[in-house]
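The model shown is predicted, which means the values in this text are computed figures rather than measured ones.
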Amino acid sequence: MSPIEAVATLLGIANVTLVVRRSLWNYPFALAMVSLYAWIFLRERLYSDALLQGFYFVVNGYGWWNWRQAKASSGEVPVTRLGARARLIWGIGMALAALAWGALMYRVTDAAYPWWDGTIAVISITAQLLQSRRAWECWPLWIAVDLLAIPLFAVKGLWLTAGLYCLFLALSVWGAIDWNRARA
């Protein structure tokens with residue numbers, strides 16, 4: 001447990017709480033958090049998660065812009081829902097990407113848990129993209145990420161981060177319920 005992990009944990013709590021509340025203020029917290037976690041995960045040889053933080057940084061910029069545009073036109077950040085075909089396409093794409101990424105991490109790196117870490121990364125990417133688009137379907141994916149990440153971080157001795165993901169799990173359930181009520 002390090003002071004950097006403690007700060008990243010606090011930023012993460014603020015970030016996800018603000019996402020659930022559909023507040024634009026989630027984005028500054030997200031950008032700071034992912035910057036710190038990139039360093040933490042590189043140090044722990046969780047390369048997929050480290051690279052994921054760079055992706056989060058970029059997509060949070062897009063999300064910030066998208067949410068701000070949506071709020072400007074409607075007065076609040078609206079929630080959307082994917083159709084059945086879109087959910088199927090996203091699901092198949094996510095599964096294929098997880099297999100490909102896990103295989104790549106296994107073959108070309110000394111990653112500690114290439115398949116486990118890689119799967120978490122791919123589901124996270126999908127969830128973040130859907131969240132940036134304000135799609136309710138991001139929440140079941142975040143729940144899956146949390147359920148996979150908690151034991152991985154515990155195995156790596158990242159206890160604060162594992163605890164943070166326990167809180168993220170609860171917040172994700174709250175987000176799914178709250179966003180379901182706010183759906184367009």
Rounded to the nearest 0.5 Å, how far does [atom2] of [Y] lie from [atom1] of [X]?
{"X": "Ile177", "Y": "Trp139", "atom1": "CD1", "atom2": "CH2", "result": "11.5 Å"}
{"X": "Asn60", "Y": "Trp65", "atom1": "CG", "atom2": "CH2", "result": "15.0 Å"}
{"X": "Glu5", "Y": "Phe41", "atom1": "CD", "atom2": "CZ", "result": "8.0 Å"}
{"X": "Arg81", "Y": "Leu130", "atom1": "CZ", "atom2": "CG", "result": "11.5 Å"}
{"X": "Asp49", "Y": "Phe55", "atom1": "CG", "atom2": "CZ", "result": "13.0 Å"}
{"X": "Ile123", "Y": "Leu148", "atom1": "CD1", "atom2": "CG", "result": "5.5 Å"}

Does the side chain of Leu167 come within less than 4.5 Å of Val16's, by heavy atoms?
no
Heavy atoms, side chains only, cut-off 4.5 Å: are Val19 and Trp179 in contact?
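Yes; the side chains approach each other to less than 4.5 Å.
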Quick check against the 3.5 Å criterion: does Asn26 have a side-chain atom that pairs as donor or acceptor with the backbone of Ser23?
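A pair under 3.5 Å: yes.
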Under 4.5 Å between side-chain heavy atoms, counting indirect links through other Ile/Leu/Val/Met/Phe/Trp/Tyr residues: same cluster for Trp25 and Met33 or not?
yes
Is Val58 reachable from Tyr62 through a run of I, L, V, M, F, W or Y residues, each pair having side-chain heavy atoms under 4.5 Å apart?
no
Determine, step by step, whether Trp101 and Ser48 satisfy the side chain to side chain donor-acceptor pair (under 3.5 Å) criterion, reporting the C-alpha distance in whole Å, the side-chain angles of both residues, the deciding distance to 0.1 Å, and the verdict.
CA-CA 8 Å; Trp101 188 255; Ser48 293; 2.6 Å; yes
Is the gap between the ring centers of Trp159 and Phe153 under 6.0 Å?
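Not under 6.0 Å, so no.
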If every non-hydrogen atom of Ser132 is compared with every non-hydrogen atom of Val59, which pair is closest and at what distance?
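Result for this residue pair: OG-CG1, 3.1 Å.
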Please find the pair of heavy atoms, one from Trp115 and one from Leu99, that lie closest to each other, and give the distance.
CZ3-O, 3.5 Å
Side chains of [X] and [Y]: donor-acceptor distance under 3.5 Å anywhere?
{"X": "Asn15", "Y": "Tyr27", "result": "no"}
{"X": "Trp39", "Y": "Gln53", "result": "no"}
{"X": "Arg134", "Y": "Asn66", "result": "yes"}

Derivation of the side chain to side chain donor-acceptor pair (under 3.5 Å) call for Gln128 and Trp142:
CA-CA 9 Å; Gln128 185 67 53; Trp142 284 128; 5.5 Å; no
Is the closest basic N to carboxylate O distance between Lys71 and Glu76 below 4.0 Å?
no
